[in-house]
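Owing to the predicted nature of the structure, the values given are computational and were not obtained by experimental measurement.
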Amino acid sequence: MRTLILSSSISPDWLSWSICTDDVSAGSSAEYPDRVSMMEGRLQLQENEITLLKSSLADALRRLRLHDQLIPLDIQSLSLEDALPKGISLTEGSRAKLHCIQGLEEEDEEVEKEKDLKTNIHMKLRIGLRKFILNHGRNWRCTNESMVQSCHTLFLICHWLTGQSIKMFIRGRPITMYVPSNIQNYDDLRMEPPVEKLELDWVYGYRGRDCRANLYLLASGEAVYFIACVVVLYHINNRTQRHYSKHTDCVRCLTIHPDKVRVASGQTAGVDKDGKPLQPYVHIWDSSTLITLQQIGLGTFERGVGSVAFSFDSGAFLCVIDDSNEHMLSVWDCAKGTKHAEVKSTNEAVFTVEFNPNDSTNIITCGKSHVYFWTLSAGSLTKKQGIFGKYKKPKFIQCFVFSLTGDVLTGDSEGNILTWGKSPGDTFQIMRQTRAHDGSVFTLCMLQGGALLSGGGKDRKIIRWSADLAPERECEIPEKFGAVRCIADVDGEEVLVGTTRNAILRGTFSDGFVAIVQGHVDEMWGLATHPSQDVFLTCGHDRQVCVWNTEEHKLDWCTTLEYGLCADFCPNGAVVSVGLSTGRWLVLDLQTKDVVSDYTDGNEQLSVMRYSPDGSFLAVGSHDNFIYIYNVTESGRRYSRYGKCNGHSSFITHLDWSKDGKYIMSNSGDYEILYWDIAGGCKLLRNRYESKDREWASYTCVLGFHVMGVWLEGSDGTDINALCRSHNERMVAVADDFCKVHLFQYPCPKPKAPNHSYEGHGSHVTNVRFTHCDSHVLSMGGKDTCILQWRVKRGGTGDSGRDRLHSSSSTSTSSPEP
């Protein structure tokens, strides 16, 4: 269970790397990841405790009020059997077990003298009830229950002992799950992984926001770039994707071999599910076969790999800059995977490294206020600093290339292109300064004929320069795509452009540019799939509401609103509701893209929107602890308040409607499971036992008997952010806090249920959904801004999940132990 407030297990890559601006580089914060990580951890723990304290206080106040109401009641007249639902009576065995329950075993001397067992036990129950209500009222769970519910609390204990409920504990808090009637022996349930499996089908997004030099064109006609833990190979003409998925955490840098086939990619360190650091490394792999050829530097690099470069002498060597405080510069033998040389680079941020194409013993690095010229000789590296002389020293040297004449051209944060040459004194100094852009020069790209392309930050311009740096042509990137992050040459005229708003554009100076890859630029939470079309919607902190097509793998349309945190399509498929961070929610027409309704419930963020199966109601779950219910008319375009569900002691996290559209099951931030009678006036169903056999139109609640097995032992309650049952009720897809997507069999009511686990995200996975026909699963990361589309590979037909559950347990008649 995951909320926007309780944000944990974020990859250190995302903690230490922020959005690049004209004056602040992508790597400027990389020097303090340990301190940032520590502070983030402390903050998360404090937020956890605050949330639990709030919910505990609310519970305590209600219990005190109820306690005052219960004192005057005639407890002497109560018996346990009075509390049982009609048709259920105590067996001798259950009475014997109740005899030993803590808090009910205290006896009067007069009662012990009674020889009649029935009278004896009834007297014990009366005493126990009195002591339970009067002495332990402050410790029992209650949400405005009446006196009848005090009896039902004891009823929970009775049926737990007789095998009718299961207790699950999260952070020491018991959560009671009632066993459905069709399960006669819980212990005999067989838990198996689903026969279906997932296969990565498509990756939406590109990491241009805070990385550089990460877009290249291969000899195969494929653009290679990365996002999250996946390196994407996108054929720009065929519009197909392949994926290199051997990294275990976020990919941070990329380069291609001189043969334009081999690729080197480096990743960040990351952490495992226990918070222990994982070691970063570089993979050298074949882009045609996607086979890993060499793993470089495992156990050598600290924090992550910031930049990599192949030598130009057939690519025999690989140069690597890591993210340690000293930004260690190392040279590796690609064939053997051994380290050839290593040296401390600088304590300042380093942005990029390259070998001199004319001399592989010369290496250049640049970054914050420096450009260094390195010489590799006899296994050692020596450096000389570039001399700025009479020219103003810029705050950042953002990028550099080698001209055909052998000069080094750098782009800096002042908007200049500096030409560097070697002076007679064997020093490197500026030979020429060329004014290029307003704001930073983020990238330089050398064309085959000697012409140069430069990309600007603040002015968003791409300028073509002649070999002698005379401007020839220019164009401006549309503002919605952000600044130019990097440029890749296609054929001398056509180019690919990566932008800071995570888009890749394709075009020419004459015809302009169109987006071939788009994505979100900030944390995402809202995800909804269309009830009958290959369409899904996403929204998040970047204020963008995006509608995507799963079949054509493209963005259909996008609009700007406030922070969108949740969404749901109306069952008729004509409109979609989007919940925002301010308590406001909007209804959008999918055809016209217009806002057709605008409402506000409270002033806190909304966490879930859910239409009833027939579309006649809309439930809105809020962080103010309420669920607001609306009547829906005019095909989803008109709404009127029907009622409000009041009873949760913490913010709403998930909810689902019953198949008949009359009831709701809901989860909250303090791990409550409550049931509501909507048709009866939004009433809280105080006897939750009566809902154990109810069928649900959807299953997205992370707490419930049918999905209890998705929780790992020792979970803290925020480890599962979202789950979704397939429409055929055979599978459950789960999004966890450890960057993984899981596929379970449905139902999975036993602990440690086997499952298939899939990697690809580089941050906590915030949401997951099946498409309307269960052909694909969609998952999205939080900070990695990545949407992954998984193809469901069928493994057979078989029965539905409900039938499978029944058949696996119906032959057993014995009772499981508690």
Side-chain angles (χ1 to χ4, degrees), residues 526-533 535-537 547 564-580 583-592 594-602 606-622 624 626-648 652-667 674-685 690-691 693-701 704 724-729 769-773:
L527 173 64
T529 53
H530 195 280
S532 59
Q533 299 176 14
V535 168
F536 69 97
L537 178 144
V547 176
L565 303 178
C566 52
D568 195 35
F569 284 90
C570 185
N572 63 20
V575 298
V576 62
S577 297
V578 180
L580 308 178
R584 182 182 173 207
W585 56 274
L586 308 173
V587 182
L588 302 175
D589 188 296
L590 291 178
Q591 293 298 323
T592 64
D594 295 331
V595 176
V596 296
S597 295
D598 187 339
Y599 299 89
T600 300
D601 286 309
L606 304 181
S607 50
V608 57
M609 311 285 291
R610 189 78 70 236
Y611 284 94
S612 62
D614 61 359
S616 60
F617 288 106
L618 173 66
V620 180
S622 172
D624 63 7
F626 298 131
I627 301 174
Y628 301 90
I629 308 298
Y630 282 82
N631 274 315
V632 182
T633 55
E634 298 181 13
S635 300
R637 288 169 171 79
R638 185 176 180 84
Y639 297 79
S640 58
R641 174 75 73 83
Y642 173 80
K644 182 171 69 172
C645 299
N646 178 10
H648 273 294
I652 312 302
T653 59
H654 307 84
L655 66 84
D656 292 291
W657 286 88
S658 61
K659 289 186 175 180
D660 58 13
K662 296 180 179 180
Y663 301 93
I664 280 178
M665 169 176 58
S666 58
N667 293 167
L674 296 184
Y675 301 91
W676 310 88
D677 182 359
I678 303 304
C682 302
K683 296 179 181 178
L684 175 66
L685 296 176
E690 296 176 353
S691 298
D693 293 325
R694 191 160 286 126
E695 295 186 348
W696 303 101
S698 62
Y699 213 119
T700 61
C701 285
C724 180
R725 184 190 67 192
S726 61
H727 297 86
N728 62 15
E729 301 187 18
R769 286 291 183 272
F770 282 90
T771 56
H772 69 99
C773 59

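Of all non-hydrogen atoms in Ala567 and Ala528, the two that sit nearest each other are O-CB, 3.6 Å. Residues Val576 and Asp568 approach most closely at CG2-O, 3.3 Å, considering heavy atoms. Residues Ser612 and Pro571 come closest through the heavy atom pair O-CG, 3.5 Å. Closest approach of Gln591 and Asp589 over heavy atoms only: N-OD1, 2.8 Å. Across Gly636 and Asn572, no two heavy atoms sit closer than the pair N-ND2, 4.2 Å. Residues Gly602 and Asp624 approach most closely at CA-OD2, 4.0 Å, considering heavy atoms.
Ionic pairing of Glu729 and Lys659 is present here: one or more N-O contacts between side-chain nitrogen and carboxylate oxygen are shorter than 4.0 angstrom. A salt bridge links Asp598 to Arg584: one of the charged nitrogens lies within less than 4.0 Å of a carboxylate oxygen. Taking a cutoff of 4.0 Å between a charged side-chain nitrogen and a carboxylate oxygen, Arg725 and Asp656 do not qualify as a salt bridge.
The shortest distance between side-chain heavy atoms of Tyr663 and Leu685 falls below 4.5 Å. Counting heavy atoms from C-beta on, the side chains of Val620 and Trp585 come closer than 4.5 Å. Contact of the Val578 side chain with the Leu588 side chain is registered, since non-hydrogen atoms from C-beta on lie closer than 4.5 Å. Side-chain contact between Tyr630 and Asp601: present, with at least one pair of heavy atoms (C-beta onward) separated by less than 4.5 Å. In this structure, the side chains of Phe536 and Arg769 stay at 4.5 Å or more apart for every pair of heavy atoms. The shortest side-chain heavy-atom distance between Ile629 and Cys645 falls under the 4.5 Å cut-off. Looking at Asn646 and Cys682, their side chains never come closer than 4.5 Å, going by heavy atoms from C-beta outward. Ile627 places a side-chain heavy atom less than 4.5 Å from the side chain of Leu655.
Put simply, CG on Leu606 and OG on Ser622 are 5.0 Å apart, with the number rounded to the nearest 0.5 Å. Atom CG of Leu527 sits about 13.0 Å away from atom CG of Leu565, to the nearest 0.5 Å. Rounding to the nearest 0.5 angstrom, the gap separating the SG atom in Cys724 from the NE2 atom in His654 is 11.0 Å. Taken to the nearest 0.5 Å, the SG atom of Cys570 stands 11.0 Å off from the CE atom of Met609. Note that CG of Asp677 is 9.0 Å distant from NZ of Lys662, once rounded to the nearest 0.5 Å.
Checked against side chain to side chain contact (heavy atoms under 4.5 Å, CB included), His530 has the following partners two or more places apart in sequence or in another chain: Ser532, Gln533, Val535, Phe569, Leu590. Every residue meeting the ring pair (Phe, Tyr, Trp, His ring centres under 6.0 Å) condition with Phe617, not counting sequence neighbours, appears here in chain and number order: Tyr642, Trp657. Legend: residues meeting side-chain hydrogen bond (donor to acceptor under 3.5 Å, both in side chains) with Tyr611, ordered by chain and number and at least two apart, are Ser577, Tyr639.
The main-chain N or O of Trp696 is never found under 3.5 Å from a side-chain atom of Ser658 such that the two would form a donor-acceptor pair. Judged by distance alone, the side chain of Asp594 and the main-chain N or O of Val596 form no donor-acceptor pair under 3.5 Å.
Ring-centre distance between Tyr599 and Tyr628: not below the 6.0 Å cut-off.
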Could you give me the CA-CA distance, side-chain angles and deciding distance for Thr653 and Ser607, then say whether side chain to side chain contact (heavy atoms under 4.5 Å, CB included) is met? CA-CA 6 Å; Thr653 59; Ser607 50; 5.6 Å; no
Run Phe770 and Thr529 through side chain to side chain contact (heavy atoms under 4.5 Å, CB included) and show every step you take. CA-CA 7 Å; Phe770 282 90; Thr529 53; over 6 Å; no
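Within the cation-pi definition used here (under 6.0 Å to the ring centroid, within 45° of the axis), Arg694 does not qualify as a partner of Tyr675. Judged by the 6.0 Å and 45° rule, Lys644 forms a cation-pi pair with Phe626.
For the residue pair Thr700 and Arg610, a side-chain donor N or O sits within less than 3.5 Å of a side-chain acceptor on the partner. His648 and Ser666 share a donor-acceptor pair across their side chains, judged by distance under 3.5 Å alone.
The environment of Arg641 atom CZ is dense: over 12 non-hydrogen atoms of other residues, nucleotides or ligands sit within 6.0 angstrom.
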